[in-house]
There are 2 protein chains.
Amino acid sequence: MRPTIKDVAKKANVSVATVSRVLHNQPGYSEKTRQKVLKVIEEMGYHPNAIARGLINKRTQTIGVLFPNVSSMFSSKVLRGIEHATHHRDYSVVVCNTDKDGRRTMKYLNVLWEKQVDGIIFVSERLKEEYYATLTAMNIPVVLLSTFSPEYPFPYIKVDDQQAAYDATEYLIKQGHRRIALIGGTKSDPLAGIPRVEGYRQALQNYGIPFREELITYGDFGYHSGRRAMEKLLRTAPGFTAVFAASDEMAAGALSAAYHNGIKVPDELSVIGYDDLQIAEMAIPPLTTVGQPLFEMGKWAAEMLMNMIKTGQAQSKIVPHTIVERESVRPPKTH
Amino acid sequence: MRPTIKDVAKKANVSVATVSRVLHNQPGYSEKTRQKVLKVIEEMGYHPNAIARGLINKRTQTIGVLFPNVSSMFSSKVLRGIEHATHHRDYSVVVCNTDKDGRRTMKYLNVLWEKQVDGIIFVSERLKEEYYATLTAMNIPVVLLSTFSPEYPFPYIKVDDQQAAYDATEYLIKQGHRRIALIGGTKSDPLAGIPRVEGYRQALQNYGIPFREELITYGDFGYHSGRRAMEKLLRTAPGFTAVFAASDEMAAGALSAAYHNGIKVPDELSVIGYDDLQIAEMAIPPLTTVGQPLFEMGKWAAEMLMNMIKTGQAQSKIVPHTIVERESVRPPKTH
DNA sequence: TTGTATGCGTTATCAT
DNA sequence: ATGATAACGCATACAA
């Protein structure tokens with residue numbers, strides 16, 4: 001059996017209270033007993049039991065993080081940021097993969113509840129009413145990451161998607177493009193889907209470029225959908241000189257489709273993505289994209305959450321995006 | 001305050017013992033009281049406290065997973081497999097990012113110890129003596145994933161790296177290549193580094209191809225190192241017709257270097273990778289590679305661990321690798 | 001400076 | 001069929 005505080009106390013000839021005191025450097029013992037206790041702790045290899053501690057403190061020093069898909073490049077970058085911040089302040093993180101599934105999400109929420117996590121980070125998903133209900137019932141801090149909820153008042157950290165999409169489109173326009181196709185994300189997604197096409201639409205409008213329905217197509221943010229979307233665009237609406245894809249994975253799919261159709265990027269077609277994932281850097285050609293500071297966003301979200309746990313205070317934050325220029329965009333050929 | 005089992009008991013006019021019984025469908029109450037208790041539980045929104053439960057059961061239903069880098073494509077695929085298995089059997093997973101750093105690893109080990117996790121999965125890293133010492137002191141099941149330890153007897157799940165490297169090289173040879181370069185992983189890494197160059201060397205030997213030192217170069221498994229390695233190869237040992245990279249990320253780097261040097265893959269140069277990460281599929285051209293079933297490996301490791309927790313039994317496992325053929329390899333041009 | 005005792009929310013062992 | 005109560009390992013208020 002692992003030794004308990006009692007065993008230590010007995011062996012050191014002191015009370016458990018004293019042991020507890022030196023464990024927390026609280027006052028109330030002589031230097032001599034301190035030494036003795038510390039020595040016994042060392043000898044016995046004593047480690048406090050965080051479970052017992054949690055029971056009495058009502059603090060577990062752990063937070064839960066819900067991802068629609070833990071293994072996406074997006075999530076893993078965010079996770080790293082979260083881990084960075086939590087490790088720094090002695091919190092642990094339990095990861096949950098919701099698969100965007102309501103039942104699965106609810107199950108995880110309940111598990112986290114039962115495990116008494118001190119807070120929750122909810123990533124990239126729409127906050128359904130039932131989630132909100134149990135989240136508030138849990139009565140712990142929550143932060144929304146890369147999503148937000150118009151109806152429920154949880155603090156969030158995210159980019160201004162519409163503005164970012166606007167900027168991406170404008171970037172293309174300023175490079176001289178006028179026939180710009182769009183590969184949108186999930187069509188009905190009010191968070192990452194709709195705002196991005198809206199930003200695209202607005203940029204065109206502001207620059208007096210007619211909006212053409214056939215230049216828009218939708219995917220699900222994933223690689224394969226991007227590839228399919230590009231194939232479709234090529235079939236049904238040839239002649240565009242640039243594409244804005246609402247995610248890097250879709251952009252990578254678009255690149256692949258172009259490659260397989262013998263279309264040279266960026267010579268014959270420009271592509272801009274969204275997210276700045278690792279794939280953007282690794283793509284051929286390296287992908288110009290709208291950068292979100294994912295690592296930092298994860299870090300900030302975790303810090304915000306831990307501060308809320310401590311103080312109850314939080315301030316939502318729109319984080320700045322950037323256009324990271326690589327090699328997939330260039331001015332269209334004039335002829 | 002969240003209601004406790006006591007509150008439920010009081011409101012239902014029964015004892016806590018009875019509530020506990022219906023909670024676990026143990027015998028010892030009438031159908032009528034069962035109904036009543038269930039109703040009260042529902043009304044009060046009672047959820048059992050897993051911390052208190054863990055204190056008495058000495059089981060937390062959570063495992064710890066240590067990754068050198070949680071956000072690598074490798075880790076995230078593995079993590080998904082782990083999550084899949086654990087979720088299925090009501091375990092939670094806390095993720096730890098070691099950065100391959102001894103101190104950080106030790107700190108996490110101690111945290112996991114204090115948090116009383118039921119088991120640990122140790123991924124892709126060499127098991128140092130001090131890790132082993134605390135791991136055994138913790139006295140809980142451990143499984144090694146994609147690594148193993150010659151000196152310490154923990155069960156493991158991994159691929160036969162040397163054989164896999166042999167097969168990759170042989171594949172290239174059978175396609176007709178004879179001048180085959182190697183981009184190895186960390187030169188001194190006894191787990192993923194050395195065996196892969198050894199397999200390469202052996203394949204050459206078996207097919208009577210002279211081993212040439214200048215065709216070997218080393219990276220650190222990462223993208224940039226692959227790119228640099230390829231640049232170096234191009235400068236110092238031109239004339240090879242194929243490259244075997246010991247990781248997909250390095251292969252992607254090699255692809256990129258080839259692209260920037262105007263070398264066409266696979267027309268002028270064949271490239272084969274290792275891992276079968278998402279990047280392999282997304283690469284241009286799609287990367288032929290040595291496939292490891294990472295999702296399954298994660299899943300199996302978690303299942304193995306949970307079985308060990310339950311029964312104490314485990315059986316190490318060498319998992320089969322495959323050559324997944326895509327478009328980055330073809331026979332060399334003959335002229 | 002140090003010790004005793006109580007309680008955190010459960011489960012499990014005894015009674016009844 | 002049901003209830004009282006003692007643990008689990010720790011922190012802390014209160015005594016001494």
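Chain naming here is simple, since letters A, B, ... match the order of the sequence lines and numbering starts at 1 in each.
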Mind calculating the distance between CG (A:Leu23) and P (D:dA11) to the nearest angstrom? 6 Å
Between the protein and nucleotides 14-16 of chain D, list every N/O to N/O distance that falls short of 3.5 Å.
none

Name the residue from A:Thr86, A:Ile120, A:Val117 that meets the side-chain contact (heavy atoms from CB on, under 4.5 Å) definition with A:Ile63. A:Thr86
Starting at atom NZ of A:Lys6, determine the distance to atom P of D:dC10, rounded to an integer number of angstrom. 10 Å
For the pair B:Glu43 and B:Lys11, find out whether any cationic side-chain nitrogen is under 4.0 Å from an anionic carboxylate oxygen. yes
So among A:Leu79, A:Leu277, A:Asn69, which one has a side-chain contact (heavy atoms from CB on, under 4.5 Å) with A:Phe74? A:Leu277
Between atom CD in A:Gln61 and atom P in D:dA11, what is the gap in whole Å? 12 Å
Can a side-chain donor-acceptor contact be found between B:Lys115 and B:Thr60 if the only test is distance below 3.5 angstrom? no
Does a side-chain N-to-carboxylate-O contact under 4.0 Å join A:Arg104 and B:Glu83? yes
Take atom NZ in A:Lys128; do more than 12 heavy atoms of anything else shown fall under 6.0 Å from it? yes
Candidate nucleotides D:dG9, D:dT5, D:dA1, ranked by approach to the side chain of B:Ser30 - the nearest: D:dA1
Residues in side-chain hydrogen bond (donor to acceptor under 3.5 Å, both in side chains) contact with A:Asp90, at least two apart in sequence or another chain: B:Lys107
Aromatic contact, B:Phe154 with B:Tyr132 (centres under 6.0 Å): yes
Please determine, for the side chain of A:Asn49, which listed nucleotide (D:dG9, D:dT5, D:dT12) has the closest atom? D:dG9
Length of the NZ-C1' vector between A:Lys10 and D:dG9, whole Å: 14 Å
Outermost DNA chain C nucleotides near chain A [under 4.0 Å, heavy atoms]: C:dT1 to C:dG9
Is B:Thr18 near enough to D:dG3 that one of its side-chain N or O atoms lies under 4.0 angstrom from OP1 or OP2? yes
Take A:Pro3 and B:Arg34, find for each the nucleotide of DNA chain D with the closest heavy atom, and name the residue whose nucleotide sits nearer the 5' end. B:Arg34
Whole-Å distance, B:Leu55 CG to D:dA6 C1', equals 13 Å
Are OP1 or OP2 of D:dC8 and a side-chain N or O of B:Gln116 less than 4.0 angstrom apart? no
Reckon B:Lys58 has a side-chain N or O less than 4.0 Å from the OP1 or OP2 of D:dG9? yes
Rounded to the nearest Å, what distance is computed from the CD atom of residue B:Gln35 to the P atom of nucleotide D:dA1? 15 Å
So that I can tick it off, tell me whether B:Glu42 and B:Lys39 are bridged by a salt bridge, with the cut-off set at under 4.0 angstrom between side-chain N and carboxylate O. no
Should A:Thr4 be listed as having a side-chain N or O under 4.0 Å from OP1 or OP2 of D:dG9? no
